[in-house]
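Here the structure is a predicted model, which is why all the values come from computation and not from measurement. In the text below, chain A, chain B and the rest are named by the order of the sequence lines, each starting its count at 1.
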Amino acid sequence: MEKIKVIVGDKSGQFEKGTPIGEIFKKFNIKGAIGALVKPLEEIKREEPKEDLLKDSKATDSGIFDLHTPLEFSAEVKPIYKGSKEGLEIMRHTLAHILAQALSELYGRTKVHLGIGPTTENGFFYDVEIEGVHLKEEDLPKIEEKMKEIVKRDLPIERIELSREEAKKLFKELGEKYKLQIIDRIPEGEKITVYKQGDFVDLCRGPHLPSTGKAGEFKLSHIAGAYWLGRSDQPMLQRIYGVAFWTKKDLKNYLNFLKEVKKRDHRKLGRELEFFTIDNNIGAGLILWLPRGALYRKLLEDFLREEHYKRGYRFVYTPHVGKSVLWKTSGHLEFYKENMFPPMEMDNETYFVKPMNCPFHIAIYKSKVRSYREFPLRFFELGTVYRYELSGVLHGLLRVRGFTQDDAHIICTEEQVESEIKEALKFALDILKVFGFNEYKVYISTRPEKSVGEDHRWEVATNALIKAVTDLGLDYDVDEGGGAFYGPKIDIKVKDAIGRFWQLSTIQFDFNLPERFDMTYIGADNKPHRPYMIHRAVLGSIERFTGVLLEHTAGLLPLWISPTQVIVLPIADRHNGYAQKVAEKLKTAGFRVEIDLSEESLGAKIRKAELLKIPYMLIVGDKELENQTVAVRGKKEGKNLGTMKVEEFAEFLKEKIKEELKAVS
RNA sequence: GCCGGCGUAGCUCAGUCGGCAGAGCGGGGGAUUUGUAAUCCCCAGGUCGCGGGUUCAAGUCCCGCCGCCGGCUCCA
């Protein structure tokens, strides 16, 4: 029998190939493990050179296994215990099975047809079809009870390897039509395993806990429909979601997190702050900006324009529609039609509303003969585009049918590519920093199999992307072959205040459109050349970004972009005159000020301003009138910040804004 | 688009078994002149998403449409 070497901690030993990990642990006198982290020995020795990342971003064969799994190769094996992060993965997976078992006990084993039951970021789900049963949210507590009961039974979990024929026979008997499909998709030569707990058997490759009693705290969260295999031509299964953690405290924290998410929902904030609305009679996914929101948006747009101008971008404006010949040349009618609004006929011509700005910017480029001396050209537009999105995916400001991109096209020579990318990337990061997005993930996507463009250009472009990222000292992931067919790209995902990631910036090369539109410039050699074109957006969609920022800040926007920065609250109406004087002074100093002249009590005025999340309230009464001062209350601080002269307060605001904008100053 | 849930006043929601459509907030008017998150009183707001059907009678039951919400491979 073949021997393998196993290292556990600072000890090692020889075992027969195929010894279950649990037995190995027993030999090393390790107790209480629920699984193992396995690293093949060969992989440990192999150094991974950084340059190789592009060619091989795949992880090693290491992974999380359960105690039943036979070890087939020499490896370092680390026990995983209850309470550990790696253990969560195992536990959640087992909970998915416990859910399936609960369903089959409640509704009958042969009535329940199981789909897939994987773990998720915070729990697990199982896709099921139950004959004659449509589950409702109200059914969840009952299922949850059953699951708890199964956990209490503490059933040992067995791992059994089956031949393809045995597996097929078993799942045919159980009426598991979806599992049979899965078996057919398992590649020849790969092991087929089932896991058994009590009399419940499920096709699964594991890993699983040693017994059901080792499961942690969980809660079934909701039900949703999900296509089998995610394909709309397949039956719709019922997906039951659960969340699971080791401790009650972690579970509670997560449920609190969900509450926080709800509280920050930009749709709710958008209504409360009177920022935007969506009108049924206008159309789904089409945004109406209310005055307060419009001001917020205008401030954002002004800021973007200014920052682009400072960095050598030139403004362009383009129309919302264009003739079909344009979209034919660009290839949109061929490859993007299902995302475009339907055509409009006029004067024997067919027009389309634009889903992208690029063809228009290219037309501007082509409006005259271009020389290398003008390069790099950077065209910028807050360009409004319309895209047909499926009605089911529309979501507040985050997913809409009409939106405005902070869109730019950089057109340059090969020599300029590297510095242009670096500048664009740095620009994007500076802007993100202004909004308090200091943590991000950077992804570089490389050439997919089906693509256009010369090898040389792909190489130049991809290297420029990598160089820009490494020069700026950023970590990045490579999405091998994940680029668009027309060029490689960098995507930036930012982390918000409660840890969620949002994809915002993107920098993409385009080798397709310059060819299609035959873009050229005259080089120093007096001959025509094909320029490089880079498409980039910092915030992506203005609508989406304003929504993301609302969620990130929980509606408490930075001072510089708050539609109302200050509200003056006179205590009694004999203070109105002075309050108006204060407001005037601040307006003259360039701040956005409101004044509450209603006959409400001070408490009510404060509450109203608090709900509108106005950053600063100035309370003026007898004392302030006499001393010509204002009493400042900060929204963020939720209390009185002291009394000062109006000039002092203006200075204070100025400093605050300067600090907020320091990333771009 | 598909599955499930939902759609009642500007907002949040109640409305039993099919029997005259409600509350709070917000809005308007009045009183009150207030010191750090809601002063009191009065009043006006509705094609119960839209269209059709069943019924003596529909917010309520049935059908169609529109919209909103949660989801739609995170590979056994």
Measure the distance from [atom1] on [X] to [atom2] on [N] and round it to the nearest whole Å.
X: A/I278; N: B/rG67; atom1: CD1; atom2: C1'; answer: 11 Å
X: A/L273; N: B/rG26; atom1: CG; atom2: C1'; answer: 16 Å
X: A/I130; N: B/rC3; atom1: CD1; atom2: C1'; answer: 14 Å
X: A/R267; N: B/rC11; atom1: CZ; atom2: P; answer: 15 Å
X: A/I240; N: B/rG4; atom1: CD1; atom2: C1'; answer: 12 Å
X: A/L286; N: B/rC66; atom1: CG; atom2: P; answer: 15 Å
X: A/F276; N: B/rC68; atom1: CZ; atom2: P; answer: 12 Å
X: A/L220; N: B/rG4; atom1: CG; atom2: P; answer: 20 Å

Sequence-distant partners of [X], ring pair (Phe, Tyr, Trp, His ring centres under 6.0 Å), two or more places apart:
X: A/H68; result: none
X: A/F501; result: none
X: A/Y126; result: none

Reference residue A/D202; test side chain to side chain donor-acceptor pair (under 3.5 Å); the match among A/Q197, A/K196, A/H97: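 Checked A/Q197, A/K196, A/H97 against A/D202; only one passes side chain to side chain donor-acceptor pair (under 3.5 Å): A/H97.
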Identified side chain to side chain donor-acceptor pair (under 3.5 Å) counterpart of A/T119 within the set A/E89, A/R92, A/H93: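 Result for side chain to side chain donor-acceptor pair (under 3.5 Å) with A/T119: A/E89.
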Ring centres under 6.0 angstrom apart (A/W289, A/F275):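 No, too far apart.
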Chi-based syn or anti call at B/rG45, which uses purine or pyrimidine torsion atoms and a 90° bound: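 B/rG45: syn glycosidic orientation.
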Can you tell me how far [atom1] in [N] sits from the matching atom in [M], rounded to whole Å?
N: B/rA21; M: B/rC13; atom1: C1'; result: 14 Å
N: B/rG22; M: B/rG27; atom1: P; result: 23 Å
N: B/rU16; M: B/rG4; atom1: P; result: 25 Å
N: B/rG29; M: B/rA37; atom1: P; result: 27 Å
N: B/rC50; M: B/rG7; atom1: C1'; result: 11 Å
N: B/rC63; M: B/rC72; atom1: C1'; result: 27 Å
N: B/rA58; M: B/rG45; atom1: C1'; result: 24 Å
N: B/rA76; M: B/rC61; atom1: C1'; result: 44 Å

5'-to-3' dot-bracket of RNA chain B (Watson-Crick, G-U; under 3.5 angstrom; crossing pairs as [ ]; | other strand): (((((((..((((.....[..)))).(((((.......))))).....(((((..]....))))))))))))....
Cation-pi, A/Y443 ring and A/K493 (6.0 angstrom, 45 degrees):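 Flagged: A/K493 positioned over aromatic ring of A/Y443.
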A/R239 to A/F125 six-membered ring, cation-pi geometry met (6.0 Å, 45°):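 Judged by the rule, A/R239 and A/F125 form a cation-pi pair.
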Reading 5' to 3' through nucleotides 34-46 of chain B, protein heavy-atom contacts under 4.0 Å coded B for base, S for sugar-phosphate only, - for none: BBBBBB-------
Protein proximity profile, nucleotides 71-76 of chain B - base contact B, sugar-phosphate-only contact S, no contact -, cut-off 4.0 Å on heavy atoms: BBBB-B
Aromatic plane relationship, A/F341 with A/Y386 - under 30° parallel, 30 to 60° tilted, over 60° perpendicular: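 The arrangement is perpendicular - the two ring planes meet at more than 60°.
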Considering every strand and a 4.0 Å limit on heavy-atom distances, what is the contact class for [X]: base, sugar-phosphate, or nothing?
X: A/Y388; answer: sugar-phosphate
X: A/R92; answer: nothing
X: A/L394; answer: sugar-phosphate

A/D477 vs A/I444 side-chain heavy atoms within contact, under 4.5 Å: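 Heavy-atom side-chain distance check fails, nothing below 4.5 Å.
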Partner of A/F649 by side chain to side chain contact (heavy atoms under 4.5 Å, CB included), out of A/L618, A/L641, A/T629: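 For A/F649, the side chain to side chain contact (heavy atoms under 4.5 Å, CB included) check succeeds only for A/L618.
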Candidate pair A/L103 and A/K146, rule side chain to side chain contact (heavy atoms under 4.5 Å, CB included), full reasoning: CA-CA 8 Å; A/L103 291 172; A/K146 191 57 133 181; over 6 Å; no
Evaluation steps, ring-ring contact (aromatic ring centres under 6.0 Å, His included), between A/F652 and A/Y616: CA-CA 11 Å; A/F652 166 80; A/Y616 293 101; 5.5 Å; yes
N/O (side chain, A/R271) to phosphate O (OP1/OP2, B/rG10) under 4.0 Å: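 Looking at the OP1 and OP2 atoms of B/rG10, neither is under 4.0 Å from any side-chain N or O of A/R271.
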